[in-house]
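Everything on this sheet refers to the single structure shown next.
Each chain gets a letter, A, B and so on, in the order the sequences are listed, and its residues count up from 1. Worth knowing before you read on, the calculation uses all heavy atoms, side chains too, and leaves out hydrogens, waters and symmetry mates.
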Amino acid sequence: MTDVVITGRGVVTSLGEGADPFFDALLDRRSGLVDGVGPCSDFDPEVAMTPKEARRADRFGQLAVAAAEQAWREAAPEGLDPERGGVVVGTGVGGLDTMERNTLAFLQEGERAVSPMFVPMMMPNAAAGLIAMRHGLQGPGWSIASACATGNHAIGEAKRMIERGEADLVVAGGTEAALTGVCLAAFKRMGATSRVGISRPFDAQRDGFVMGEGAAILVLESAEHAKARGAKVYGRVAGYGASNDAFHITMPHEDGRGAIKAMTLALRDAGAQPGDVGYVNAHGTSTPFNDKIETQAIKDVFGGNGGAPPVSSTKSAIGHLLGAAGAVEAVISLCAIDRGLLPPTLNLEEPDPECDLDYVPDGPREAPGLNAVLSNSFGFGGQNATLVLTGA
Amino acid sequence: MTEKTIPTEDQVLARVREELVAIKVPGAETAELGTQWAELDVDSLDLVELVKALEDEYGIQIHDDELKPIKGVGDAVALTIRLAEAQKA
């Protein structure tokens, strides 16, 4: 089986840009959440794009291009055969801001008020297209939409693309810019977001997620390709597992069957045993259902409380980035392995008897020798994706 | 502009520049009558926005078939003036 390594990392979140500064902020226990949302307030799209390019892209595309630029510079894949370079970049909801603005203009002023850029800005595959154009990637390219599991699915499917021999290098990840009026209202109406605007995964008082925005992009390569060009390797996408709950359009199955399946398949794909995993980056949304069911599922996979490694939810610091979440958490997982440090779960003050694992509430915590991380993402629609990331 | 006055070449040129600047076309500020779209990297999607701006400004209608031979700033200015004149007549 082809070994798939990571040679570039890029991230934009409410806690800043760049993998290492972002991870430092997590270790400092900083929060990017303000007034119940996690916006990328300092993000300037014109750093990575020309003014015209930025104007012609929705914010989810801008964030993705900026993150991809970081990852591409880190990977520096000079000499890549363009036809052997692919892109798999997904989003949970696509260009919602563009959708809302143009819908309003259409209803108020009619057809002529609709921008000719509406479709190319709003379409979910826009980010993948922009990245392919910028870096001249002429191999396979597409977008994934599996709600909050998108980022992990994108990285996992990119791994498969390389394993199938369709590409030597794939730019993969997720992006989201859904802090729009309609989207915030919709999640609020569902009861999915926190009424008090606090992300406190696994805490007894948790009452929903806090929405953030951002993007994370990785450059994946076959180990052979990376080695041949002497690229620095940041880690490996060792395992990928995907499943469906096939149960309810928003609620996870109460037995966690989809989550268990995704984790089990990812471990099997990695050729790893549960005991090999030193840290779990949880989906950990801070919703009552997810955190309870994910806890149970982790215990099921790892053989109870005693078998489960430390678990934390970095959504406590940056909120839930929906389609970007898994990709951001992959970057975090790689940094955790590289530094031997586990990021904390913030705001976990009142234990919930049904969430009884070690969630690193007092972190960061040293984890010398950490070499394998399991990272979960579970999406609306019942779609689940788990990655196992290992060290270089 | 709803009244049917004929704009001058300079006026239309200024309006074309203004719209191209608004849609962030590099080099739009110094575009002249002889500047071609290819020089400005203006594509069909930019032209849709330019056409709407000119239609709104001068109360004209620019049909797709009239747009095809328009290769640059001078063509757009001339077409706008011709349509404004036709409208007045």
Considering only heavy atoms, give the residues of residues 33-52 of chain A separated from chain B by less than 4.5 Å, sorted numerically, with 'none' for an empty result.
-> A/P51, A/K52
Contact part of A/R112 toward chain B, heavy-atom cut-off under 4.5 Å: side chain, backbone, both or neither?
-> both
Residues of residues 43-51 of chain B under 4.5 Å from chain A (heavy atom pairs)?
-> B/D43, B/L45, B/D46, B/V48, B/E49
Expected contact set for residues 18-30 of chain B against chain A at heavy-atom separation under 4.5 Å reads B/A22, B/I23, B/K24, B/V25, B/P26
Pull out the residues in residues 78-108 of chain A that come under 4.5 Å of chain B, heavy atom to heavy atom, sorted by number.
-> none
